[in-house]
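Below: one structure, written as structure tokens.
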Amino acid sequence: MSAADIIEEVTASGLRGRGGAGFPTGIKWKTVSEATGPQKYIVCNADEGDSGTFADRMIMEGDPFCLIEGMAIAGLATGSTRGFVYIRSEYPDAIKVMARATVIARAEGVLGADVMGSGKAFDLEIRVGAGAYVCGEETSLLNSLEGKRGVVRAKPPLPALEGFMGRPTVVNNVLSLATIPVIFEKGAAHYASFGLGRSKGTMPVQIAGNVARGGLFETAFGMPLGELVNEIAGGTATGRPVKAVQVGGPLGAYMPPSKFDTPFAYEEFDGQGGLIGHAGVVVFDDSADMVQMARFAMEFCAVESCGKCTPCRIGAVRGVETIDRIAAGDTTAIPLLTDLCETMKDGSLCALGGFTPYPVMSALQNFPDEFGATPATQAAE
Ligand SMILES: Cc1cc2nc3c(=O)[nH]c(=O)nc-3n(C[C@H](O)[C@H](O)[C@H](O)COP(=O)(O)O)c2cc1C
Ligand code: SF4
């Protein structure tokens with residue numbers, strides 16, 4: 001297939017990035033293919049830092065060739081001859097398996113100077129991160145890959161135009177790239193026939209936390225959240241009622257059971273003030289302390305912040321202090337917390353600071369009693 005045909009097929013499949021933002025993969029590839037430069041790159045984001053997630057690890061350990069094949073196809077489609085898989089250091093088995101699989105793929109002609117007789121070159125290297133959540137953010141990852149401190153870069157320029165070493169670069173999640181072979185095996189129309197609305201295809205949902213049956217469950221987009229939690233995961237391990245479910249990692253909203261009819265899909269979660277992110281679902285029973293959960297979100301942001309912008313670097317620290325005031329009974333701090341969350345949401349450079357308000361505000365809005373919020377304090381919000 002020509003490069004243009006490959007990109008058209010990926011676009012027609014409706015595949016959206018599985019790393020969190022849900023950006024259409026075909027459009028990203030087209031941007032890189034049309035960009036000019038002496039060298040282009042494919043970077044696989046295998047930093048997988050979201051709480052409760054392990055789908056990238058399972059693919060790399062269990063079916064590494066699927067990912068390698070997806071990266072090689074991305075290379076042929078965009079004119080990129082070099083690739084990197086950036087794997088978090090906490091995944092020693094995945095690093096080992098991927099390194100070995102790369103050697104085998106090279107010996108079999110899937111990687112190298114003439115990929116499967118196409119006359120085009122593509123090869124890849126494994127790189128290991130050093131344990132920072134923010135290095136999963138694509139521009140921070142690129143800095144880390146270049147040997148620099150993992151600080152977020154302002155966009156524009158987009159990595160697709162000026163990415164690794166300032167060259168056009170595709171940055172895709174493991175799951176996005178590992179989905180590519182099945183799209184070409186079964187056809188874009190087959191893949192697009194699964195899902196709901198603009199959320200096409202399937203998603204490996206990773207269910208963790210206080211559940212009877214944790215694990216990975218791949219399903220077409222559209223299954224209601226409640227069905228995932230109560231039927232697939234069998235409710236809580238403790239047998240107590242579910243109080244909240246955090247979907248989409250540490251920056252995801254806490255969804256109460258009243259929102260369990262929300263279909264698992266990008267736009268539908270967005271409409272409920274949530275996000276599906278990398279499809280991590282972490283379940284909590286009714287013993288969870290929502291004020292402390294909100295505090296944890298701010299504390300996590302303060303610890304993991306790259307420090308580049310003020311709303312996140314300073315805001316998260318002030319957030320912890322403000323929630324401590326609320327926990328001590330000072331409800332006058334509630335409007336302050338809301339105001340701070342607005343500032344972080346609107347003023348942060350990347351989604352670490354920008355999305356931390358989601359777990360905080362969802363805890364406050366869905367469980368106001370625990371914050372001591374009266375109708376008056378909520379009105380002040
Ligand atoms: C703080 C932060 C952490 C992130 N961590 C990851 C990650 O671990 N893995 C990942 O694929 N994407 C992560 N992302 C999203 C990436 O920035 C980027 O959108 C993604 O790698 C693009 O690939 P995709 O289009 O295939 O999803 C993170 C984003 C932010 C803001
Ligand atoms: S929001 Fe936080 S992590 Fe993102 S650029 Fe700003 S300081 Fe860095």
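Whatever order the structure lists ligands and atoms in, that order sets their numbers, starting from 1. Keep in mind the model is a prediction, meaning the values are calculated, not measured. When a residue number appears, it is its place in the shown sequence, counting from 1.
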task: Applying side-chain contact (heavy atoms from CB on, under 4.5 Å), run through His278 and Asn173 and close with a yes or a no.
output: CA-CA 9 Å; His278 190 52; Asn173 173 251; 3.5 Å; yes

Which of the ligand 2 atoms, numbered from 1, are nearer than 4.0 Å to a heavy atom of [X]:
| X | value |
| --- | --- |
| Gly353 | 1 (S) |
| Cys312 | 1 (S), 2 (Fe), 6 (Fe), 7 (S) |
| Ser305 | 2 (Fe), 7 (S) |
| Lys308 | 7 (S), 8 (Fe) |
| Leu352 | 3 (S) |
| Ser348 | 1 (S) |
| Val134 | 3 (S) |

If hydrophobic clusters are built by linking Ile, Leu, Val, Met, Phe, Trp and Tyr wherever their side-chain heavy atoms come under 4.5 Å apart, do [X] and [Y] end up in the same one?
| X | Y | result |
| --- | --- | --- |
| Leu145 | Ile126 | no |
| Val247 | Leu275 | no |
| Leu177 | Val182 | yes |
| Phe23 | Leu352 | no |

Would you say ligand 1 has an N or O under 3.5 Å from any N or O of [X]?
| X | value |
| --- | --- |
| Cys350 | no |
| Gly19 | yes |
| Asn45 | yes |

Can you name the nearest heavy-atom pair linking [X] to [Y], along with the distance?
| X | Y | result |
| --- | --- | --- |
| Lys200 | Gly197 | NZ-O, 3.1 Å |
| Arg127 | Phe84 | NH2-CE2, 3.5 Å |
| Leu228 | Ile207 | O-CD1, 3.8 Å |
| Met165 | Glu146 | N-OE2, 2.6 Å |
| Gly26 | Ile7 | O-CG2, 3.6 Å |

query: Is the distance from atom 6 (Fe) of ligand 2 to some N, O or S atom of Cys306 under 2.8 Å?
result: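 Of the N, O and S atoms in Cys306, none lies under 2.8 Å from atom 6 (Fe) of ligand 2, which means no.
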
Can you report which non-hydrogen protein atom sits closest to [atom], along with the distance?
| atom | value |
| --- | --- |
| atom 6 (Fe) of ligand 2 | Cys309 SG, 2.3 Å |
| atom 26 (O) of ligand 1 | Ser176 OG, 2.6 Å |
| atom 17 (O) of ligand 1 | Glu138 N, 2.9 Å |
| atom 11 (O) of ligand 1 | Asn173 ND2, 2.7 Å |
| atom 1 (C) of ligand 1 | Tyr133 CE2, 3.6 Å |
| atom 29 (C) of ligand 1 | Glu137 CA, 3.7 Å |
| atom 13 (C) of ligand 1 | Gly136 O, 3.2 Å |

query: Are the aromatic ring centres of Phe194 and Phe221 under 6.0 angstrom apart?
result: no

- request: Would you please indicate if the ring centroids of Phe300 and Tyr133 are separated by under 6.0 Å?
  value: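 For Phe300 and Tyr133, the ring centres are under 6.0 Å apart.
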
- request: Measure the distances from the heavy atoms of Arg16 to every atom of ligand 1 and state whether one is below 4.0 angstrom.
  value: no

Could you list the atoms of ligand 1 found under 4.0 angstrom from a heavy atom of [X]?
| X | answer |
| --- | --- |
| Asp47 | 8 (O) |
| Gly17 | 24 (P), 25 (O), 26 (O), 27 (O) |
| Ala351 | 31 (C) |
| Lys28 | 22 (C), 23 (O), 24 (P), 25 (O) |
| Arg18 | 26 (O), 27 (O) |
| Gly49 | 8 (O) |

- request: Check each heavy atom of Glu304 against ligand 1 and say whether those closer than 4.0 Å belong to the side chain, the backbone, both or neither.
  value: neither

Location of contacts on Glu48 toward ligand 1, heavy atoms closer than 4.0 Å: backbone

- request: Evaluate the criterion side-chain contact (heavy atoms from CB on, under 4.5 Å) for residue pair Asn366 and Met290; output intermediate values, then yes/no.
  value: CA-CA 9 Å; Asn366 293 310; Met290 298 312 292; over 6 Å; no

query: So, is Cys350 placed with an N/O/S atom under 2.8 Å from atom 4 (Fe) of ligand 2, counting both backbone and side chain?
result: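 Yes, within the cut-off.
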
- prompt: Any salt bridge between Arg295 and Glu370, counting N to O under 4.0 Å?
  reply: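 Salt bridge: no.
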
message: I'd like to know if Glu48 and Arg57 make a salt bridge, using a cut-off of under 4.0 Å between side-chain N and carboxylate O.
response: no

message: Check the orientation of Tyr358 and Phe355. Use parallel for under 30°, tilted for 30 to 60°, and perpendicular for over 60°.
response: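 Tyr358 and Phe355: tilted rings.
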
